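Computed from a predicted model, the values in this text were never measured in an experiment. Heavy atoms only: backbone and side chains are in, while hydrogens, waters and symmetry mates are out.
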Number of protein chains: 2
Amino acid sequence: MQDILFDFISKYISLTEDEKGALLSLDLFRTVKKGTVLLKEGQKSNESYFVLKGCIRTYYMIDCEEKTTAFYTEMDALTPPCVISKTPSLYYISCIEDSILTISTSDMEAEINSKFPKFEMMCRILSEELLAKQQMDFDEFKTSSPEQRYLNLLQSRPDLIQRVPQHQLASYLGIKPQSLSRLRARIFEKNKD
Amino acid sequence: MQDILFDFISKYISLTEDEKGALLSLDLFRTVKKGTVLLKEGQKSNESYFVLKGCIRTYYMIDCEEKTTAFYTEMDALTPPCVISKTPSLYYISCIEDSILTISTSDMEAEINSKFPKFEMMCRILSEELLAKQQMDFDEFKTSSPEQRYLNLLQSRPDLIQRVPQHQLASYLGIKPQSLSRLRARIFEKNKD
DNA sequence: TAAAATTGTTCACTTAAGTTAAGAAATGGG
DNA sequence: CCCATTTCTTAACTTAAGTGAACAATTTTA
């Protein structure tokens, strides 16, 4: 399990055994059962997550309806905005599958970053990459119709469509479950001829 | 003009006179005329922008139509995804108003970052903040209707609605110019009674 | 395993955005 | 100042998403 984390890090920086030890001593690894709520609306938190195995999702509760806005799967990192802004969370995070995560706090990160400047650099690069990636995702969302977004998701993250309930996928695509059902039927009709 | 930049930086780190000098010696400041295209689709670039005064926008050309996806105004920073991924740009950047920008290259940033670890930290924090902010913007976009998005923009960035042509605003909101026109008329009707 | 809860589909109807087109208003450059 | 271009609005029509409801399929759990 640790290897997955170290492999990921090695894409950005190379670690000495000492540094690996320092990381391991933080005791970051957690196994989390499906359905566990990691963060609730209104809570304060300073925890960041990195998914080693499984899937977690973020969702808002608006008019008694869940609005799912993101899924994080293997190799995805999430620092909730409320951790950055130090304000109560606007959304929930819950576990869709039995998962293995690393959970770190901002304190732990600050300490590691000041001890090993390499980490600071990795965090900077990682944030820049995530920002760029998210900019592109956002752009794609803005410039596409729901149907195009679904087809796109089918290309870019086919696993999600298998492992995630459709009503959660629907709000992720910005539409209602019924519309996703209909849209899928429409696509299926087209592909028949 | 330099003061604007230094004021901005001082929100994150404090600079010595030496460090200020090092920054100034990079000769970052540029005045740019309205209409100037800073980056074209297909181009490679390693330039980042910071808006001191004015407004720039990013847009895609899809089916001979401009799709505007973002506006950057005073105090906004932009590193295009293509700079991070080192691939040809998927979009255009152009100047909506006569503007004053700083334009830096990744080389310059790398040099400054390695010379002054403080900068590395500032870049990390800034990226994390921008990422968090954009996550919230994206979430708001996904969970709102076009009308709600327009009303929201009216709240959060009222200046944009004044200084930006409406057909550009429309695609920023993910709709056609005609729909924005209609939607505005609809809102105006509601507010009449 | 049976009952309950969750999830997914279908349908009829409503609402709003897309499309096409025409024309008015504003802006810009010669 | 005038012509050309760009920008904005309006309208009629089309298309697709939202809504509410019923029901089927699946999963959970008692």
Side-chain angles (χ1 to χ4, degrees), chain A residues 33-37 55 57 59 61-68 71 92 94-98 141-154 160-192, chain B residues 33-37 55 57 59 61-68 71 92 94-98 141-154 160-192:
Chain A
K33 277 249 165 303
K34 175 174 177 173
T36 309
V37 176
C55 182
R57 68 186 248 264
Y59 61 97
M61 197 58 84
I62 299 176
D63 299 334
C64 296
E65 287 217 342
E66 290 185 3
K67 301 258 191 176
T68 299
F71 300 100
Y92 297 78
S94 89
C95 219
I96 306 196
E97 306 169 353
D98 291 346
F141 194 94
K142 268 188 199 161
T143 56
S144 310
S145 66
E147 183 170 328
Q148 287 173 310
R149 295 202 284 260
Y150 177 76
L151 291 171
N152 240 308
L153 193 67
L154 214 52
L160 267 194
I161 287 155
Q162 301 308 318
R163 65 206 284 197
V164 161
Q166 256 175 56
H167 65 281
Q168 290 175 13
L169 266 188
S171 61
Y172 179 68
L173 294 171
I175 57 177
K176 303 283 159 187
Q178 298 93 317
S179 298
L180 178 54
S181 226
R182 177 168 45 195
L183 174 163
R184 277 159 53 90
R186 204 163 61 216
I187 291 171
F188 187 70
E189 276 306 304
K190 282 182 196 162
N191 286 352
K192 241 180 22 187
Chain B
K33 278 251 166 298
K34 174 176 179 172
T36 308
V37 176
C55 182
R57 68 185 250 264
Y59 61 97
M61 198 57 85
I62 299 177
D63 300 334
C64 296
E65 286 216 343
E66 288 185 4
K67 302 258 191 173
T68 299
F71 300 100
Y92 296 78
S94 89
C95 218
I96 307 197
E97 305 171 351
D98 290 346
F141 193 95
K142 270 190 199 158
T143 58
S144 311
S145 66
E147 185 170 326
Q148 286 174 309
R149 296 202 284 259
Y150 178 76
L151 291 170
N152 241 308
L153 193 67
L154 215 52
L160 267 195
I161 286 154
Q162 302 308 319
R163 66 206 285 198
V164 162
Q166 254 175 57
H167 65 283
Q168 290 175 13
L169 265 188
S171 61
Y172 179 66
L173 294 170
I175 57 177
K176 302 284 158 186
Q178 299 92 318
S179 298
L180 177 55
S181 225
R182 177 169 44 195
L183 174 162
R184 277 160 52 91
R186 205 163 61 216
I187 290 171
F188 187 71
E189 275 307 302
K190 281 182 197 162
N191 286 352
K192 236 176 31 185

Response to the item:
Counting primed atoms, P, OP1 and OP2 as sugar-phosphate and everything else as base, the B/S/- map of nucleotides 13-30 of chain C against protein heavy atoms under 4.0 Å is ---SBBSB-------S--
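- Rounded to an integer number of Å, the gap from CD of A:Glu65 to C1' of D:dT19 is 11 Å.
- We find that CD of B:Gln148 is positioned 18 Å from P of D:dA17, with the value rounded to whole Å.
- Between B:Arg184 atom CZ and D:dT9 atom C1' the separation is 10 Å, expressed in whole Å.
- Note: CG (A:Leu180) to C1' (C:dG8) measures 10 Å, nearest angstrom.
- Residue B:His167 places its side chain closer to D:dT7 than to any other of C:dT9, C:dG8, D:dT7.
- The ring pair (Phe, Tyr, Trp, His ring centres under 6.0 Å) with B:Tyr172 is formed by just one residue from the set B:Phe141, B:Tyr59, B:Phe71; it is B:Phe71.
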Discussion item. side-chain contact (heavy atoms from CB on, under 4.5 Å) for A:Lys176 and A:Glu65? Distances and angles first, verdict last.
Written reply: CA-CA 11 Å; A:Lys176 303 283 159 187; A:Glu65 287 217 342; 3.5 Å; yes
Fill in: CA sep, side-chain torsions, deciding dist, call: B:Arg184, B:Ile187, side-chain contact (heavy atoms from CB on, under 4.5 Å)
CA-CA 5 Å; B:Arg184 277 160 52 91; B:Ile187 290 171; 5.6 Å; no
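- Distance NZ/B:Lys142 to CZ/A:Arg149: 9.0 Å, rounded to 0.5 Å.
- In this structure, CD1 of A:Ile62 is placed 14 Å from P of D:dG18, rounded to the nearest angstrom.
- Here the CG atom belonging to B:Leu169 is positioned 6.5 Å from the CG atom belonging to B:Leu160, to the nearest 0.5 angstrom.
- Protein atom CZ of A:Phe188 is 18 Å distant from nucleotide atom P of C:dG8, rounded to whole Å.
- The CD-P distance, from A:Gln166 to D:dT26, rounds to 13 Å in whole Å.
- Between the CG atom of A:Leu169 and the P atom of C:dT9 there is a distance of 11 Å, given to the nearest Å.
- Between A:Ser171 and A:Thr68, some side-chain heavy-atom pair lies under the 4.5 Å cut-off.
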